[in-house]
Amino acid sequence: MQRPGVIVAVAIGLTALVAPIWWSVHLAWRQSLAAEENRLRYNARDVDRRAEETRNQMLGGEQVLKKANLAPCSPGEIDLMRQIALVSSYLQFVARIEGDNLICTSLGTVGPIPVGPVTLTSEYGIDERLNVKIPIGTGESFYIFSSDGFAFSVHPDLPIDTSTEGPDVSLAIFVPSSAAHLQITGFGPHLRPEWFRVIPKGGETAFVDQGFVISIVRSAQGDFAVVAAAPPSYVHRRVARFAMLYVPLGVVCGIALAWAVFYIARRSLSMSSVLRAAAHRREFFVEYQPIVEVDTRRWIGAEALVRWRRPGKVVQPDLFIPMAEETEVISLITNCVAAIVAADLPRFVSIEPDFKVTMNLSPSDLRSTATLTTLENILRVAGVRPANLEIEATERSFIHGEEIQDIIRKIRSLGISVAIDDFGTGYSSLLYLQNLDLDILKIDKAFVDTIGTDGATNGVVLHIIEMAHSLNLGTIAEGVETEEQADFLLQRGVRHAQGWLFGKPMAAESLCDSLLEARALREREISA
């Protein structure tokens, strides 16, 4: 290999070696992060479930009290409030409230008990008072939630009383509708206000901030969301465990892949270098296969077929074109063919003014706007009409969709006709063909060979001809080798063909000689 090829091959090999190892480390990190996110999500969901149950117990208790419609603070209502508190796992007591005072409670107290001003009102109209100390019981702080004259007391630790993996995990409940996303309860050393992000109701999310893993779960019904956070050390411990599994596997895969990629790259780069050198040394040349009118056998055009002349032999295109397309050397070969056609075409046109040369373009050619410039240069250098030039694209070119179709439209706008080659051997259909801007449909030799046989595909050629006629496309049959095939095609409206029956690929000089002989013969017939 040449020096640039060696550098590229070494770079590819090193990439192949390092990539699996890097990926194994990355996978260990992703797996660790995912595991930690899932664990925190479980914690947040559990707190959300507890908070939802607390809310449901309050709403249920309120509905029962309203439905009972007992006199406020009557013995019956106090007894009912006591029953509601007893069957509720999260409610400490139930009360009647007026203004900022509890006027009676399920604890049996009657008389105003101040609870202070409302801390916030949720989007559902529930007044929330945080850290309220009342002069009954143990004197602990409670959260008081009130609506429509009824109040419910909740101990702040109950909703977040869930098990976590370690002491450094932080949990909090906040109110998304509040201006500052107010935290109403929580514990842990790592809570930050910027983590209290508003997400859609019933939604979940997870993210990493400065190494901390954070999970958020928002209630689907209530005006609250839960945050769970863990420090970086939790993920790092998991990474070490996963790395012990993935990294050795990545090393083995990296070594194997590096060897395989280097071997393949070395071969590809070697061929790529050879093809590039051949293009620069102008080792590629063109032979022309005549295209004829089937009924008159008059040569109306020719297809330019590229060949590669190496010391002692000529390499056929099916041996080097696929590699050229893979390594993007095909554009250099196309330029070589274009230069040769530009030099030969004026000689053909001087003999037959309507003579047309067909050039094959690869899928990569048809994705490049430089192809338009190449075709314009052929017309300018050769000094011929656009009608003297035609391009041919294989069916597989059109799998690239709009990108190539746009180039095709621009080529046709130059006045250059476009043919589709190898039709029927790929994925084409009538619907697909209707959407393309084409002029000619070429019938592949594989289908022409079935004419007059009992092969399973011998009817396909008829369908292709009918399809072309229905779309007003011209047709050219390839690979015609017998008179039987020519007659069959002519009878079904195929006016043009190419193949060994009419002429093998030949040099430009031989083509000119044949055109001159044919013209002289016509002139003698006219004069006679």
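- For residues 181-210, there are no disulfide bond (SG atoms under 2.5 Å apart) pairs, not counting sequence neighbours.
- Closest heavy-atom contact between L80 and A68: CD2-CB, 3.5 Å.
- Between the D127 side chain and the V118 main chain, no donor and acceptor come within less than 3.5 Å of each other.
- Electrostatic pairing of E123 and K201 counts as a salt bridge here, judged by a charged N lying under 4.0 Å from a carboxylate O.
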Donor-acceptor pairs under 3.5 angstrom involving side-chain atoms of residues 147-160: please list them, not counting sequence neighbours.
unit_1	atom_1	unit_2	atom_2	d
D148	OD2	K66	NZ	2.5
H155	ND1	D157	N	3.1
H155	NE2	E140	OE1	3.1

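- Atoms OG and CD, on S88 and Q83 in that order, are 11.0 Å from each other to the nearest 0.5 Å.
- Among residue pairs with one or both ends in residues 99-111, those qualifying as salt bridge (Lys or Arg N to Asp or Glu O under 4.0 Å) are D100-R129; sequence neighbours excluded.
- Between I214 atom CD1 and L40 atom CG the span is 8.5 Å, to the nearest 0.5 Å.
- Remark: side-chain polar atoms of S219 are paired, donor with acceptor, to backbone N or O of Q221 under 3.5 angstrom.
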(request) Please lay out, stage by stage, how T334 and D365 fare under the test side-chain hydrogen bond (donor to acceptor under 3.5 Å, both in side chains). (result) CA-CA 8 Å; T334 299; D365 290 328; 2.6 Å; yes

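- The shortest side-chain heavy-atom distance between H181 and V175 does not fall under the 4.5 Å cut-off.
- With rounding to the nearest 0.5 angstrom, the CG atom of L70 is 9.0 Å from the CZ atom of R96.
- The two residues M467 and S470 have their closest heavy-atom pair at O-OG, 2.7 Å.
- Contact annotation: the side chain of Y143 approaches that of T185 to within less than 4.5 Å [non-hydrogen atoms, C-beta and beyond].
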(request) For the pair R412 and I416, evaluate side chain to side chain contact (heavy atoms under 4.5 Å, CB included) and give the outcome as yes or no after the intermediate values. (result) CA-CA 5 Å; R412 294 184 76 241; I416 300 172; over 6 Å; no

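- Inter-residue side-chain proximity for P200 and R218 is flagged as unmet; no heavy-atom pair is nearer than 4.5 Å.
- For Q316, the CD atom sits in a packed shell: over 12 heavy atoms of surrounding residues, nucleotides or ligands are nearer than 6.0 Å.
- The main-chain N or O of Y90 is found under 3.5 Å from a side-chain atom of Q57 such that the two form a donor-acceptor pair.
- Residues passing the side chain to side chain contact (heavy atoms under 4.5 Å, CB included) test with N335, sequence neighbours excluded: T374.
- Distance check, rounded to the nearest 0.5 Å: CD1 of I440 to CD1 of I391 gives 11.5 Å.
- Using modelled atom types and a 3.5 Å distance limit, the side chains of T121 and E128 yield no donor-acceptor pair.
- With hydrogens and angles disregarded, a donor-acceptor distance shorter than 3.5 Å links the side chain of T119 to the backbone of L130.
- Looking only at side-chain heavy atoms (C-beta outward), L171 and F187 come within less than 4.5 Å of each other.
- D209 contributes atom CG, which lies 6.0 Å from atom CD of E194 (distance to the nearest 0.5 angstrom).
- The shortest side-chain heavy-atom distance between F284 and L332 does not fall under the 4.5 Å cut-off.
- The closest donor-acceptor contact from the side chain of Y42 to the backbone of E37 lies at 3.5 Å or more, if one exists at all.
- Checking V115, T105, I113, I103 one by one against I97, the side chain to side chain contact (heavy atoms under 4.5 Å, CB included) holds for a single residue, V115.
- Taking each heavy atom of S417 and D439 in turn, the nearest pair found is CA-OD2, 3.2 Å.
- Between R197 and I216, the closest side-chain pair of non-hydrogen atoms falls below 4.5 Å.
- Using cut-offs of 30° and 60° on the angle between ring planes, the pair F320 and W308 is perpendicular.
- In this structure the side chain of I411 reaches within 4.5 angstrom of the side chain of L372, judged on heavy atoms.
- By the 4.5 Å heavy-atom criterion applied to side chains, S215 and T205 are not counted as neighbours.
- Remark: R82 fails to qualify as a cation-pi partner of F93 under the 6.0 Å distance and 45° angle criteria applied to the six-membered ring.
- The two residues A228 and A44 have their closest heavy-atom pair at CB-CB, 4.2 Å.
- Applying the disulfide bond (SG atoms under 2.5 Å apart) test to every pair with at least one member in residues 38-124, sequence neighbours left out, gives these pairs: C73-C104.
- By the 6.0 Å and 45° rule, R55 does not stack over the aromatic ring of F224.
- In this structure, the separation between OG1 on T450 and NZ on K445 is 10.5 Å, given to the nearest 0.5 Å.
- Looking only at atom types and distance, the side chain of N56 has no donor-acceptor partner in the side chain of E52 under 3.5 Å away.
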(request) Decide yes or no on side chain to side chain contact (heavy atoms under 4.5 Å, CB included) for K410 and D406, but give the supporting numbers first. (result) CA-CA 6 Å; K410 291 178 179 178; D406 182 59; 3.4 Å; yes

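- The heavy-atom pair separating E325 from S362 by the smallest distance is OE2-CB, 3.5 Å.
- A salt bridge links K442 to E478: one of the charged nitrogens lies within less than 4.0 Å of a carboxylate oxygen.
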(message) side chain to side chain contact (heavy atoms under 4.5 Å, CB included) for V110 and I78? Distances and angles first, verdict last.
(response) CA-CA 9 Å; V110 177; I78 292 175; 3.9 Å; yes

(message) For a side chain to side chain contact (heavy atoms under 4.5 Å, CB included) check, start with the C-alpha distance between Q210 and R192, then their side-chain angles and the critical distance, and finish with the verdict.
(response) CA-CA 12 Å; Q210 298 181 8; R192 299 179 182 178; 3.1 Å; yes

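- Annotation: salt bridge (charged side-chain N to carboxylate O under 4.0 Å, His left out) contacts of E204 (sequence neighbours excluded): R41, R45.
- Side-chain N/O atoms of S177 and D223 include a donor and acceptor closer than 3.5 Å.
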